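All ligand and atom numbering here is 1-based and tracks the order in the structure. It should be emphasised that the depicted structure is a prediction, and the values quoted were computed from it without experimental measurement.
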Amino acid sequence: MIDDLWYKNGVIYCLSVATYMDANGDGIGDFKGLTRRLDYLHGLGVTAIWLMPFQPSPYRDDGYDISDYYGVDPRYGTLGDFVEFTHGCKQRGMRVIIDLVVNHTSDQHPWFKQARTDPNSPYRDWYVWSDKKPAHADQGMVFPGVQKTTWTHDKQAKAWYFHRFYDFQPDLNTANPYVQEEILKIMGFWIQLGVSGFRMDAVPFVIATKGPKAKKPVEQFDMLRTFREFLQWRKGDAIILAEANVRPEDDLHYFGDDGERMHMMFNFHVNQHLFYALAAADTGPLAKALTDTKPRPATAQWGLFLRNHDELDLGRLTKSQRQTVFERFGPDKNMQLYDRGIRRRLAPMLGGDQRRLELAYSLMMTLPGTPVIRYGDEIAMGDDLSLPERRCARTPMQWSTEPHGGFTGSDKPEIPVIDHGAYGFEHVNVAQQRRDPGSMLNWTERIIRMRKEVPEIGWGDFKVIAARDPAVLILRYDWRNNSVLFVHNLDEQPREVSFAVGLPDDAGDTLIDLLGDNHSHAARGRHKLLIEGYGYRWFRVGGLDYLLRRTEVDGGGRSKT
Ligand code: NOJ
Ligand code: CA
């Protein structure tokens, strides 16, 4: 396959306009501010930006409650400012993907307003109603502890409406062909304005059967093909990145056996086991999660992440594994959320220790897939646990030691910048880290640069190499007559490991260190490595002439041309 599918070997950076940069000084970020920061993002080396929702919204779920799919919330600017932004990205060779939140609307959306006031409105059937309170109304909440029910009585409608999430987010009746048509129209609209795809919110719920009788929702997977076909027809290189926290046995239903459904999915399964591995210095369950999520069509790709804008969901781990992660990374009740997760940012979870942060990011970047970085992680930003629920990890970007971290000139930022403690903007900011060659920011820039030069990770096939030590994970990737190998020590103590690369004859005898001078030469086919606590190594197998050795097709032997 021609290797130019952009999402197979890039680095995605996720941000929200609201908290990035406020150019007009009203205390909330905007597109003009973000556009001024594009050279920063370009310099960091990211290949795509994932924007959180920015459409008009009452903002009761940080924009995931949309009241108009075809606009920009006036606080962030205009459609004109949006196009300037996508154009600015294009000029710098960066793609833009945006959130597509179509499982539900805001209860302030005109469709819902009409649906609830007029039973004869065509919009009535765009939502999911019941005359009586359904028997299972107290089941299936996504935010347990905060959200009490999935069905709420509406006085105006004199009926109950279904909401998988908060009660101000009524679910769209996605089985209605008119709703499906509208979803395509929304995609078509933003595609015209320069985006290269969508992070589709809550996909399993979008395609599930809904209604008072749908006690056990059933996914309508064919819908995914419809979305994909439309998108590919309108713009050949556009993608859908699905938010679908599903079990490995369902992965192929989402990717499609022939790669005809979602291009990408976040690998939530690996994410949880990755945090367990970091907490316990035990990589066994992570290795299993990698193998369990290995099958996927050649054009499909995993999105790999550490933390995102939501809680770190640990619901898949065993009770004792979950307990270990809670103890190490979120011991206080205030750090936990929804009975299943941790709401902190990465840096505070890892005690602000740069060695550990580098290890975690190095590991994430070398797992099979495309890395997705959360804004602020590149400077090890912290959280503000005095803010409710997931807000704590959504504070403004910290640019400098200027007032409000250089985020705004306003004295009343809508969301406060972190200005106290070890993670306050005076200590953690971009400007300072730029001056320091050893900073997290400069490290991140270097690692992204190297990650892009190792397409074997994005495209190749991987094998877990036996390290005989649970604290150490060794992965080898093979692609087009080349191999790379990564060693990560998740323990704080140094480790000595001995391993065979596993390639025929003497092909694995030389390992060239891509980030330092620790090259390794095998003795009788085995490498012996002393690796420091939280240490990591990126090796090329053989040597640096890999581009001369690369073949045109996989498994094709040496190229003749
Ligand atoms: C998933 C998003 O990531 C989350 O932030 C949001 O609250 C829900 N979907 C509802 O849209
Ligand atoms: Ca502003």
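Backbone or side-chain N, O or S atoms of Ser410 do not reach the Ca ion (ligand 2) at under 3.0 Å. One of the N, O or S atoms belonging to Ile28 lies under 3.0 Å away from the Ca ion (ligand 2).
In terms of protein heavy-atom proximity, atom 8 (C) of ligand 1 is nearest to Phe165 CE2, 3.7 Å. Nearest to atom 7 (O) of ligand 1 among the protein's heavy atoms is Asp61 OD2, 2.6 Å. Protein heavy atom closest to atom 9 (N) of ligand 1, with residue, atom name and distance, is Asp201 OD1, 2.9 Å. Scanning all protein heavy atoms for the shortest distance to atom 5 (O) of ligand 1 gives Asp310 OD1, 2.7 Å.
The cationic atom of Arg391 (NZ for Lys, CZ for Arg) does not lie both less than 6.0 Å from the six-membered ring centre of Tyr59 and within 45° of the ring axis.
Contacts between Arg394 and ligand 1 below 4.0 angstrom, taking non-hydrogen atoms only, involve the side chain exclusively.
If you look at Asp30 and ask which of its N, O or S atoms sits nearest the Ca ion (ligand 2), the answer is OD2. For the Ca ion (ligand 2), the nearest N, O or S atom contributed by Asp26 is named OD1. Summary: OD1 is the N/O/S atom of Asp22 found nearest to the Ca ion (ligand 2).
Of all the atoms in ligand 1, the ones that sit under 4.0 Å from a non-hydrogen atom of Phe143 are 7 (O). Remark: ligand 1 atoms within the under-4.0 Å shell around heavy atoms of His104 are 10 (C), 11 (O). Of all atoms in ligand 1, numbered sequentially from 1 with element shown, those under 4.0 Å from a heavy atom of Arg390 are 4 (C), 5 (O), 6 (C), 7 (O). Near Glu243, meaning under 4.0 Å from any of its heavy atoms, are these atoms of ligand 1: 1 (C), 3 (O).
Within a 6.0 Å radius of CZ in Phe221, more than 12 heavy atoms belonging to other residues, nucleotides or ligands are found.
With hydrogens and angles disregarded, no donor-acceptor distance shorter than 3.5 Å links the side chain of Arg328 to the backbone of Met349.
The aromatic rings of Phe143 and Tyr338 sit tilted, their planes meeting at an angle between 30° and 60°. The aromatic rings of Phe85 and Phe31 lie tilted to each other, with the angle between the two planes from 30° to 60°. Using cut-offs of 30° and 60° for the angle between ring planes, the Trp129 and Phe112 rings count as parallel.
Residue Arg199 places a heavy atom under 4.0 Å from ligand 1. Within the 4.0 Å heavy-atom cutoff, Arg60 does not count among the residues contacting ligand 1.
By the 3.5 Å distance cut-off applied to N or O atoms, Tyr166 is not counted among the residues near ligand 1.
Under 3.5 Å, the side chains of His263 and Gln232 contain a donor-acceptor pair of N or O atoms.
In this structure, Phe425 has its ring center no closer than 6.0 Å to that of Phe407. Here the two rings, on Tyr70 and Phe189, have centers that are under 6.0 Å apart. A centroid separation of 6.0 Å or more is found between the aromatic rings of Phe162 and Tyr127. Aromatic pair Phe165/Tyr64: ring centres not closer than 6.0 Å.
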